Amino acid sequence: MTWELPESVEVDGGAVRWAKLGNGERAIVLVHGTPYSSFLWREIAPALAERYTVYVFDQLGYGYSEQAEGQDLTLAAQARRFAGLLRYWELDTAESAPAVVANDIGGAVVLRALLLEGARFRDLTLFDCVSGGPWERGLFALMRNHHEVFEQLPGYAHEALVSAHLRNATHAGFRPGVLETFLQPWLGPSGQAAYYRQYRQLAQADTEPFEALLSGIDIPVQLLWGRQDKILPPEYGHWLHEHLPQAPLYWIEDAGHLLQEDAPARLLAHLLP
């Protein structure tokens with residue numbers, strides 16, 4: 001499937017690419033995580049566009065958006081940019097506030113935007129996402145703490161590592177051509193540098209400030225979690241549910257970290273009324 005982001009907006013640090021699909025009365029914004037891009041929403045966005053106006057974008061440093069040395073790719077910076085995008089799209093009033101759907105670090109980005117940056121949402125769906133607690137773990141922690149070593153990997157070793165990391169996120173496995181699409185932005189000397197540049201800037205220090213505010217969220221929230229998630233296993237879903245007791249938690253069986261890949265129909269069932 002061809003995936004294009006025809007629009008571009010300049011933000012601090014470079015250009016963010018985005019697209020709008022559909023012309024429904026209500027807006028919905030889809031937010032990806034790392035090391036993915038808006039290509040994750042290639043099946044979800046068109047289906048939602050039958051009913052909503054759908055906004056998708058590649059976060060700065062990812063996918064089609066600009067990659068450059070010196071970019072601030074912290075969760076705090078991405079949250080400020082997300083709040084700015086909502087203003088740019090004129091989705092920042094009580095009447096225009098969108099539904100927001102977020103996965104992986106996209107969860108932390110939208111939660112910071114909502115709780116610390118003054119963004120407005122109509123409702124919120126979070127699934128298999130970074131939200132708080134001790135989430136620096138596994139390969140991510142190694143790459144963050146020893147990025148100078150990983151940055152020096154030979155190209156073939158870097159490609160193998162990224163490919164394995166991507167495959168670990170899906171329980172069912174990627175369909176033909178999908179892995180290669182996610183892998184492409186991270187290849188070559190500039191792509192390899194960009195890959196570790198964004199990982200070394202992600203930190204729990206940017207989620208800790210809003211943890212105590214989670215229980216005060218006063219918009220409708222729903223939580224989904226893949227039962228076979230290896231990136232953020234089920235205990236992370238339990239943690240978030242404990243801090244958002246007002247939000248129902250739905251377990252998605254036979255699905256991993258990426259519900260978009262493993263269970264798109266079941267994800268859509270929770271997003272469409």
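These figures come from a predicted structure and were not determined experimentally.
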So, using side-chain contact (heavy atoms from CB on, under 4.5 Å) as the criterion, who are the partners of Pro220 when residues are at least two apart? Asp123
Is a donor from one side chain sitting under 3.5 angstrom from an acceptor on the other, for Gln59 and Ser65? no
Chi angles and distances behind the side chain to side chain contact (heavy atoms under 4.5 Å, CB included) call for Leu86, Phe121: CA-CA 10 Å; Leu86 295 182; Phe121 306 163; 3.8 Å; yes
I want to know whether Trp135 and Phe140 have ring centres closer than 6.0 Å. yes
Taking the side chain as every heavy atom from C-beta outward, state whether Phe82 and Val100 have any atom pair closer than 4.5 Å. yes
Please check if any side-chain donor atom of Gln222 sits under 3.5 Å from a side-chain acceptor atom of Thr125, or the reverse. yes
State plainly whether one hydrophobic cluster holds both Val162 and Val149, where clusters connect Ile, Leu, Val, Met, Phe, Trp and Tyr through side-chain heavy atoms under 4.5 angstrom apart. no
Check whether any side-chain N or O of His243 sits under 3.5 Å from a backbone N or O of Ala212 as a donor-acceptor pair, and report yes or no. no
Less than 6.0 angstrom from the centroid, inside 45 degrees of the normal: does Arg42 satisfy that with respect to the ring of Trp3? no
So, Asp58 side chain and Ser38 main chain: donor-acceptor pair closer than 3.5 Å or not? yes
What pairs with His146 under ring pair (Phe, Tyr, Trp, His ring centres under 6.0 Å), at least two apart in sequence or on another chain? none
Is there a ring pair (Phe, Tyr, Trp, His ring centres under 6.0 Å) between Trp186 and His165? Walk through the geometry before answering. CA-CA 12 Å; Trp186 309 120; His165 184 50; over 10 Å; no
In terms of heavy-atom contacts, Leu214 and Leu240 come closest through CD1-CD1, 4.4 Å
Closest contact, heavy atoms only, Arg144 versus Glu136: NH1-OE1, 3.7 Å
Under 3.5 Å, side chain of Glu117 to main-chain N/O of Arg80, donor-acceptor pair present? no
If you measure from CG on Asp254 to CZ on Arg227, what distance do you get to the nearest 0.5 Å? 10.5 Å
Could you tell me whether the side chain of Val130 reaches within less than 4.5 Å of the side chain of Leu202, counting heavy atoms only? no
Relative to the ring of His158, is the ring of Tyr195 parallel (under 30°), tilted (30 to 60°) or perpendicular (over 60°)? perpendicular
Atom CD1 in Ile44, atom CD in Gln260: separation rounded to 0.5 Å? 6.5 Å
Between Glu148 and Arg200, is a salt bridge (charged side-chain N to carboxylate O under 4.0 Å, His left out) present by the stated rule, with each step listed? CA-CA 9 Å; Glu148 70 283 352; Arg200 73 173 182 253; over 6 Å; no
Ring pair (Phe, Tyr, Trp, His ring centres under 6.0 Å) for Tyr199 and His147? Distances and angles first, verdict last. CA-CA 8 Å; Tyr199 269 116; His147 60 86; over 10 Å; no
Straight-line distance of Ile105 CD1 to Gln78 CD, nearest 0.5 Å: 6.5 Å
Would the distance check show the side chain of Glu159 and the main-chain N or O of Leu187 forming a donor-acceptor pair, the cut-off being under 3.5 Å? no
Any side-chain heavy atom of Leu244 sitting closer than 4.5 Å to one from Ser131? no
Please check: side-chain N/O of Asp104 versus main-chain N/O of Thr34, any donor-acceptor pairing under 3.5 Å? yes
Does His257 have its ring centroid less than 6.0 Å away from the ring centroid of Trp225? no
Aromatic ring centroids of Phe182 and Phe39 under 6.0 Å? yes
Quick one, Arg266 and Leu259 - any side-chain contact, counting heavy atoms below 4.5 Å? no
Within a radius of less than 6.0 Å around CZ of Arg26, do more than 12 heavy atoms belonging to other residues, nucleotides or ligands occur? no
Which pairs of donor and acceptor atoms, one on a side chain in residues 8-16, lie under 3.5 Å apart (sequence neighbours left out)?
from: Asp12; atom 1: OD1; to: Arg81; atom 2: NE; distance (Å): 3.3
from: Asp12; atom 1: OD2; to: Arg81; atom 2: NH2; distance (Å): 3.1

Please step through side-chain hydrogen bond (donor to acceptor under 3.5 Å, both in side chains) for the pair Asp262 and Thr170, ending with a clear verdict. CA-CA 6 Å; Asp262 289 343; Thr170 170; 2.5 Å; yes
Would you say the side chain of Trp251 lies within less than 4.5 Å of the side chain of Leu224, judging by non-hydrogen atoms? no
Apply the test side chain to side chain contact (heavy atoms under 4.5 Å, CB included) to residues Ile252 and Phe127: give CA-CA distance (whole Å), side-chain angles for both, the deciding distance (0.1 Å), then the verdict. CA-CA 10 Å; Ile252 310 299; Phe127 65 95; over 6 Å; no
So do Lys20 and Val54 actually touch side chain to side chain, heavy atoms under 4.5 Å? no
Approximate separation, where rounding is to 0.5 Å, of Asn103 CG and Glu261 CD: 10.0 Å
Please evaluate residues Arg197 and Glu69 with respect to the criterion side chain to side chain contact (heavy atoms under 4.5 Å, CB included), reporting the C-alpha separation (whole Å), side-chain torsions for both, the decisive distance (0.1 Å), and the verdict. CA-CA 8 Å; Arg197 180 186 307 126; Glu69 190 64 47; 3.3 Å; yes
Asn168 and Leu139, any side-chain heavy atoms less than 4.5 Å apart: no
Atom CD of Glu235 and atom CG of Asp229: how far apart are they, to the nearest 0.5 Å? 9.5 Å
Is Glu66 reaching over with its side chain to a backbone N or O of Gly61, donor-acceptor style, under 3.5 angstrom? no
Just checking Glu90: does its CD atom have more than 12 heavy atoms from other residues, nucleotides or ligands closer to it than 6.0 angstrom? no
Worked verdict on Ile217 versus Leu115 for side chain to side chain contact (heavy atoms under 4.5 Å, CB included): CA-CA 8 Å; Ile217 293 177; Leu115 295 170; 3.7 Å; yes
How long is the gap from CZ on Arg175 to OG1 on Thr181, to the nearest 0.5 Å? 11.5 Å
Where the side chain of Thr53 meets the backbone of Gly24, is there a donor-acceptor pair that is under 3.5 Å apart? yes
Decide, yes or no, whether a salt bridge links Glu95 with Arg122 under the criterion of side-chain N to carboxylate O below 4.0 Å. no
Check whether any side-chain heavy atom of Leu48 lies under 4.5 Å from a side-chain heavy atom of Trp41, and answer yes or no. no
Between Phe57 and Trp18, is the ring centre distance below 6.0 Å? no
